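Report on the structure given below.
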Amino acid sequence: MAIVSRGFRGRPRAGGDRLPPGQYLVEDFPVLSAGPTPRVPTDRWEFAIDTEEGETHRWSWQEFMALPQERPAVDIHCVTRWSKLDTHWEGVSLDVLFEDVESAAEYALVHSYGGYTTNLPVEDLLDGKAWIVHRFDGEELAPVHGGPARLLVPHLYFWKSAKWVRGIRLLNEDWPGFWETAGYHEYGDPWREQRYEGD
Ligand SMILES: Nc1nc2c(c(=O)[nH]1)N[C@H]1C(S)=C(S)[C@@H](COP(=O)(O)O)O[C@H]1N2
Ligand SMILES: [Mo]
């Protein structure tokens, strides 16, 4: 006869309902880079959005820093299973950067100094969901974590948050990026555990 203990859910996990399935909490800040850290001096840094019509919108470091700044406090989730709660950043909302961009494209391919790429739907960059950040925990963003500036898209697995971000290409069709080509999920929602292609 089976004895079923109804409602037994095991020990509550640290992080509670802010920890997506299969994740554990870290207090430190792991570094995950697929290659060497590119060094990009801010006087040679530029960020660009290229539309599907071939228009380019560019910002120098000075122009970027003069834009309205926000301070998102968010939880981040890496596909290698660590999560970090309440991380503090400073940077520019993608809504601000997209203000004068005319585009009907649905897909974005983000590219970085050093050659890394990652793809996501344009709508996941808008409506207060993504930033280009240049400060972490009150300090300039360290080069190993993507300084001078990185993308921050906390509602998707952290591989979408391209370090050393250089630009965004808007596309009518979805082009997979670096990890997406290597078998990781196209979208990467940590709450639906979309780690690998087919999840
Ligand atoms: N340019 C670039 N961006 C990147 C990566 C990378 O290798 N190169 N790794 C991604 C992965 S897999 C993760 S988990 C996070 C790690 O960011 P961190 O090193 O600041 O923790 O950056 C993402 N952005
Ligand atoms: Mo990652």
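Counting convention: from 1, in listed order, for ligands and their atoms alike. Here the structure is a predicted model, which is why all the values come from computation and not from measurement.
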At the 4.0 Å heavy-atom cut-off, does Arg150 count as touching ligand 1?
yes
Under a 4.0 angstrom heavy-atom cut-off, which atoms of ligand 1 come close to Ser33?
7 (O)
The atoms of ligand 1 lying under 4.0 Å from a heavy atom of Ala162, numbered in the order shown, are 3 (N), 24 (N)
Can any side-chain N or O of Trp164 pair as donor or acceptor with the backbone N or O of Pro143 at less than 3.5 Å?
yes
Backbone of Gly115 reached by a side-chain donor or acceptor of Ser112 within 3.5 Å:
no
Heteroatom proximity flag, Trp82 to ligand 1, N/O under 3.5 Å:
no
Any N or O of His145 closer than 3.5 Å to N or O of ligand 1
yes
List ligand 1 atoms under 4.0 Å from Ala34, heavy atoms only on the residue side.
6 (C), 7 (O)
Surrounding CD of Glu123 (heavy atoms of other residues, nucleotides or ligands, distance under 6.0 Å), is the total greater than 12?
no
Ligand 1 atoms in contact with Ser112 (distance to a heavy atom under 4.0 Å):
1 (N)
Is Phe29 touching ligand 1 with its side chain, its backbone, both, or neither, if touching means heavy atoms under 4.0 Å apart?
side chain
Polar proximity ligand 1 side, Leu32 side, N/O cut 3.5 Å exclusive
yes
Below 4.0 angstrom from a heavy atom of Val31, which ligand 1 atoms are there? Numbered from 1 as shown, please.
19 (O)
Donor-acceptor pair, side chain of Lys129 and main chain of Leu126, under 3.5 angstrom:
yes
Within the 4.0 Å heavy-atom shell around Pro30, which atoms of ligand 1 are there?
18 (P), 19 (O), 21 (O)
Between the CH2 atom in Trp175 and the OG1 atom in Thr117, the distance rounded to the nearest 0.5 Å is 10.5 Å
Determine yes or no for a side-chain-to-main-chain donor-acceptor pair under 3.5 angstrom, with Asp28 supplying the side chain and Pro30 the backbone.
no
Please answer whether the main-chain N or O of Ala162 pairs with a side-chain N or O of Thr118 as donor and acceptor at a distance below 3.5 Å.
no
Before we go on, tell me: are the rings of His111 and Tyr116 under 6.0 Å apart, centre to centre?
no
shortest atom 13 (C) of ligand 1-to-protein heavy-atom contact is with Phe158 O, 3.7 Å
Regarding atom 5 (C) of ligand 1: of the candidates Tyr116, Tyr113, Trp179, which has the closest heavy atom?
Tyr116
Run the ring-centre check on Tyr184 versus Tyr196 and record whether the distance is less than 6.0 Å.
yes
Going by the atom numbers of ligand 1, which of them fall below 4.0 Å from some non-hydrogen atom of Trp164?
1 (N), 2 (C), 8 (N)
State whether Asp75 and Arg18 are salt-bridged, where the test is any N-O pair (Lys NZ or Arg NE/NH1/NH2 against Asp/Glu carboxylate O) under 4.0 Å.
yes
For atom 3 (N) of ligand 1, what is the nearest protein heavy atom, given as residue, atom name and distance?
Lys163 N, 2.8 Å
Considering only protein heavy atoms, which is closest to atom 24 (N) of ligand 1, and at what distance to one decimal place?
Ser161 O, 3.1 Å
Any donor-acceptor N/O pair, Ser103 side chain to Ala105 backbone, under 3.5 Å:
yes
Of all protein heavy atoms, the one nearest atom 14 (S) of ligand 1 is Cys78 SG, 3.2 Å
Heavy atom of Gly146 under 4.0 Å from ligand 1?
no
For atom 12 (S) of ligand 1, grab the closest protein heavy atom and report residue, atom and distance to one decimal in Å.
Trp159 CB, 3.4 Å
Please check if the side chain of Asn119 supplies one atom and the backbone of Gly177 the other of a donor-acceptor pair under 3.5 Å.
yes
